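One structure is given here, and the rest of the page talks about it.
All values below come from the heavy atoms of this structure, side chains included, with hydrogens, waters and symmetry mates left out. Small disclaimer: the values here were computed from a predicted structure and weren't measured.
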Amino acid sequence: MTRNGADVAIIGGGIIGCALARELAGRGARVTILERKEPGAEASGAAAGMLAPQAEGLPPGPLFDLALESRSLYPAWTAALAEETGMDVGYRRAGILRCAFPEGGASAEPPRWQRARGLAVEEKSAAEIADLTHGAASERVRSGVFFPDDAVVDNSRLTRALWKSCELRGVAFALGKTVLRFAFSGGRCVGVETDGGLIEAPQVVNAAGAWASFDPAFPVRVEPVRGQIVEIEAPEPALPSVVWSHEVYVVPRAGA
């Protein structure tokens, strides 16, 4: 099977793949997303949804600057997405509280270089942490750092909204397709070979995440990391912000 007519083929229907497809389609490009399951079925749908360039502890440099810029774009981007699709994606600038247990070896020392750059960084005492978490934090937590500008988004809702937006903008979806390798002609990539045949496109984007090394001729060094997520129904009042330690984090979902 050969599928023609796409300007761009995007491998992977997660948040990155769908967000890119949405943007390109909004600028007039004909886009096809190739996804072996359905959009958001893998890591994008199972993530915690934290927008945490400060709390993540990234060192100063281009990656931190890029993450900071991305965080700043989220309010307007998610508002436009909600207006287009009618779907609230749960964006909240809730802040992230990073706690340290004395016996855990993790430091609650605030990143002073962030503060020197004018970024919001707040040191918290045990009493302030108890107040901020409505008493839910362990009594063993003696100090912490609060990053009020870090935020959260409901990644499950976000993936569904992006999928709907892509459909509204005319993005084509080739679902249930496993991409096997890139297709080349005359030294240029002209599409991808799938288990259902060739899908042609003069531009191809690999947004397959943990499965990005699918083509043995062009391996991408990817090392997936397994995590565990448990969803619980917590008593009121709900935590107002994300609470994070060196072993675990708790992400409150508004209306979940």
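Side chain of Arg169 to backbone of Arg22: a donor-acceptor contact under 3.5 angstrom is found. Not one N or O on the side chain of Ser165 forms a donor-acceptor pair closer than 3.5 Å with the backbone of Leu162. Here the side chain of Glu42 pairs no donor or acceptor atom with the backbone of Ala208 at under 3.5 angstrom. The backbone N or O of Ala55 lies less than 3.5 Å from a partner atom in the side chain of Asp150, making a donor-acceptor pair. Under the 3.5 Å distance criterion, the side-chain polar atoms of Lys164 are matched with a main-chain donor or acceptor of Thr85. In this structure, Asn206 contributes its side chain and Ala212 its backbone to a donor-acceptor pair below 3.5 Å. At distances below 3.5 Å, not a single donor-acceptor pair connects side-chain atoms of Ser70 with backbone N or O atoms of Leu66.
Note on Phe218 and Leu34: same hydrophobic cluster, where clusters join Ile, Leu, Val, Met, Phe, Trp and Tyr whose side-chain heavy atoms are under 4.5 Å apart, directly or indirectly. Connection of Val31 to Phe173 is established within a shared hydrophobic cluster, with ILVMFWY side chains joined at heavy-atom distances below 4.5 Å, either directly or through further cluster members. No single ILVMFWY cluster, assembled from side-chain heavy atoms under 4.5 Å apart, contains both Val205 and Ile16. Under the 4.5 Å side-chain heavy-atom criterion for ILVMFWY residues, a single connected hydrophobic cluster contains both Leu24 and Trp163.
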Apply salt bridge (charged side-chain N to carboxylate O under 4.0 Å, His left out) to residues Arg117 and Asp65 and explain how you reach the verdict. CA-CA 11 Å; Arg117 285 186 51 171; Asp65 294 341; 3.0 Å; yes
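A salt bridge does not link Arg160 with Asp154: every distance from a Lys NZ or Arg NE/NH1/NH2 to an Asp or Glu carboxylate oxygen is 4.0 Å or more.
Going from atom CZ of Arg71 over to atom CZ of Phe147 covers 10.0 Å, rounded to the nearest 0.5 Å. Distance check: Arg98 CZ to Ile129 CD1 gives 11.5 Å after rounding to the nearest 0.5 Å. In this structure, Asp149 CG and Glu122 CD are separated by 8.5 Å, a value rounded to the nearest 0.5 Å.
Using a 4.5 Å cut-off on side-chain heavy atoms (C-beta onward), Tyr91 and Leu51 make contact. Considering only heavy atoms from C-beta on, Cys18 stays 4.5 Å or farther from Ile10 through its side chain.
Residue pairs meeting the ring-ring contact (aromatic ring centres under 6.0 Å, His included) criterion with at least one member in residues 7-33: none, sequence neighbours excluded. The ring-ring contact (aromatic ring centres under 6.0 Å, His included) pairs that include a residue from residues 27-73 are Phe64-Trp113, where partners are two or more places apart or lie in different chains.
Between Trp244 and Ala52, the shortest heavy-atom contact is CZ3-CB, 4.1 Å.
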